[in-house]
Structures are given as structure tokens and as C-alpha cells.
**Student:** 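One structure is given below, represented as C-alpha cells, and several questions about it will come after.
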Amino acid sequence: GLDPEIVYSVIKSSAGNSRIFEGRVPSVINRDFSTRSTLGIQFKDTDISVRTADSVKAPVFLAPVARELFKLAEAKGVNIEDSSAVIKLYEELANVTVQKVKA
């Protein structure tokens, strides 16, 4: 029930902000999943990172979770969509949709 534009504005002006956040969240809010970088590429890169960390016995905590999320994207057939389309998986799991609040 939160207005995603207000949430975006608050996070954008806080320590939680990043270039990726600023670049992707407007796409989510506007439901514009035009491909800039696919979820499939995110899976490939994350998989390389996890395998490299494993090979040198470096601890990684969140990368394996991200890899599984990107693997799920492939199983759902959204791996060719923009990486911001990962929100669709979260929406399905949480049974919510990120959308603009009607005035």
C-alpha cells in the first residue's frame, strides 16, 4: 500500500541510494522493462562471482541467494528481460504488485 514514488524519493535522498537504484527503480515504477541488461547476464556474472569465491574459499553471503533468484528468472522465462524485471519474481513471491498509487 506504500506509494512507490514516495519510497523511491526517500531512499534516493538517503544512504540507501546508488546509481543502480536511481537507474532501475523508475523503470519498475513505470513498468518499463525495456532491455538494458538482461537477467540472464546477471545470472552469468553472479555465477562467475560465486564460483570464483568458492575456488579461493572466500565467504560470500548474498551472492548465492542472488544467483538462485536469477536462476528462478530463467525457469520463469523472464531471463531475457531487463534486470529490473527481477521485481516480477518478488511480486509473485509476495503476492503484491509495485504500482503507482492512484490519486
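In this text the structure is predicted, and so the values were computed from the model without any measurement. What you see below is based on every heavy atom in this structure, not just the backbone, and it leaves out hydrogens, waters and symmetry mates.
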**Student:** Would you find more than 12 non-hydrogen atoms of other residues, nucleotides or ligands less than 6.0 Å from Leu93 atom CG?
**Tutor:**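 Enclosed.
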
**Student:** If you take all heavy atoms of Leu39 and Ser83, which pair is closest and at what distance?
**Tutor:**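 That would be CD2-O, 3.6 Å.
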
**Student:** Among residues at least two apart in sequence or on other chains, which ones pass side-chain contact (heavy atoms from CB on, under 4.5 Å) with Asn17?
**Tutor:** Lys12, Phe21, Glu22

**Student:** Is there any side chain to side chain donor-acceptor pair (under 3.5 Å) pair reaching into residues 54-64, and which pairs are they, with sequence neighbours excluded?
**Tutor:**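 Checked against side chain to side chain donor-acceptor pair (under 3.5 Å) - neighbours excluded - no pair reaches residues 54-64.
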
**Student:** Are the side chains of Ile11 and Ser14 in contact, using a 4.5 Å heavy-atom criterion?
**Tutor:** yes

**Student:** Tell me, do Thr38 and Asp82 make a side-chain contact under 4.5 Å, heavy atoms counted?
**Tutor:**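 No, side chains not in contact.
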
**Student:** Ser9: what forms a side-chain hydrogen bond (donor to acceptor under 3.5 Å, both in side chains) with it, not counting sequence neighbours?
**Tutor:**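 Listed in chain order: nothing, the list is empty.
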
**Student:** Can you list the residues that meet the side-chain contact (heavy atoms from CB on, under 4.5 Å) rule with Ser34, with sequence neighbours excluded?
**Tutor:**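 Partners of Ser34 by the side-chain contact (heavy atoms from CB on, under 4.5 Å) criterion, ordered by chain and then number, come out as Asp32, Arg36.
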
**Student:** Indicate yes or no for a side-chain donor-acceptor contact from Thr35 to the backbone of Ser37 under 3.5 Å, with no hydrogens or angles considered.
**Tutor:** no

**Student:** For the hydrophobic clusters of this structure (ILVMFWY residues joined by side-chain heavy atoms under 4.5 Å, transitively), does one cluster hold both Leu2 and Tyr8?
**Tutor:** yes

**Student:** For side-chain contact (heavy atoms from CB on, under 4.5 Å), just list the numbers for Phe33 and Val78, CA-CA rounded to whole Å, side-chain angles, deciding distance to a tenth of an Å, and then say yes or no.
**Tutor:** CA-CA 10 Å; Phe33 302 113; Val78 296; over 6 Å; no

**Student:** Other hydrophobic cluster members with Val10, side-chain heavy atoms of Ile/Leu/Val/Met/Phe/Trp/Tyr under 4.5 Å, chained?
**Tutor:**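 Members alongside Val10: Ile6.
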
**Student:** Can you tell me if Glu91 uses its side chain to pair, donor with acceptor, with the backbone of Val98 under 3.5 Å?
**Tutor:**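 Yes: the side chain of Glu91 pairs with the backbone of Val98.
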
**Student:** Please name all residues satisfying side-chain contact (heavy atoms from CB on, under 4.5 Å) with Glu74, sequence neighbours left out, ordered by chain then number.
**Tutor:**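 For Glu74 the side-chain contact (heavy atoms from CB on, under 4.5 Å) partners, ignoring immediate neighbours, are Asn79.
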
**Student:** For Lys44, enumerate each residue passing the salt bridge (Lys or Arg N to Asp or Glu O under 4.0 Å) test, keeping only those at least two apart in sequence or located in another chain.
**Tutor:**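 Listed in chain order: nothing, the list is empty.
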
**Student:** Would the number of heavy atoms belonging to other residues, nucleotides or ligands and lying under 6.0 Å from CD1 of Ile48 be above 12?
**Tutor:** yes

**Student:** List the residues meeting side-chain contact (heavy atoms from CB on, under 4.5 Å) with Ala75, not counting sequence neighbours, and say none if there are none.
**Tutor:**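 Scan of Ala75 (side-chain contact (heavy atoms from CB on, under 4.5 Å), adjacent residues dropped) gives none.
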
**Student:** What residues, two or more places apart in sequence or in another chain, satisfy side-chain hydrogen bond (donor to acceptor under 3.5 Å, both in side chains) together with Gln99?
**Tutor:**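 Scan of Gln99 (side-chain hydrogen bond (donor to acceptor under 3.5 Å, both in side chains), adjacent residues dropped) gives none.
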
**Student:** Return the minimal non-hydrogen interatomic distance between Ile80 and Gly77, and the atom names on each side.
**Tutor:**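 Nearest pair, atom of Ile80 first, then Gly77: CG1-O, 4.4 Å.
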
**Student:** Once side chain to side chain donor-acceptor pair (under 3.5 Å) is applied, what residue pairs with a partner in residues 58-72 remain, sequence neighbours excluded?
**Tutor:** Asp47-Arg67, Glu68-Lys71

**Student:** Under the side-chain contact (heavy atoms from CB on, under 4.5 Å) criterion, do Lys76 and Glu92 qualify, and how do the steps go?
**Tutor:** CA-CA 11 Å; Lys76 297 272 186 188; Glu92 183 180 332; 2.6 Å; yes

**Student:** Is Leu69 reachable from Val60 through a run of hydrophobic residues whose side-chain heavy atoms are each under 4.5 Å from the next?
**Tutor:**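 Unlinked, Val60 and Leu69 end up in two clusters.
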
**Student:** Are Val86 and Leu72 co-members of a hydrophobic cluster defined by side-chain heavy atoms under 4.5 Å apart?
**Tutor:** yes

**Student:** For residues 61-91, pull every pair meeting ring-ring contact (aromatic ring centres under 6.0 Å, His included), keeping only residues two or more places apart or in separate chains.
**Tutor:**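 Non-adjacent pairs meeting ring-ring contact (aromatic ring centres under 6.0 Å, His included): zero.
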
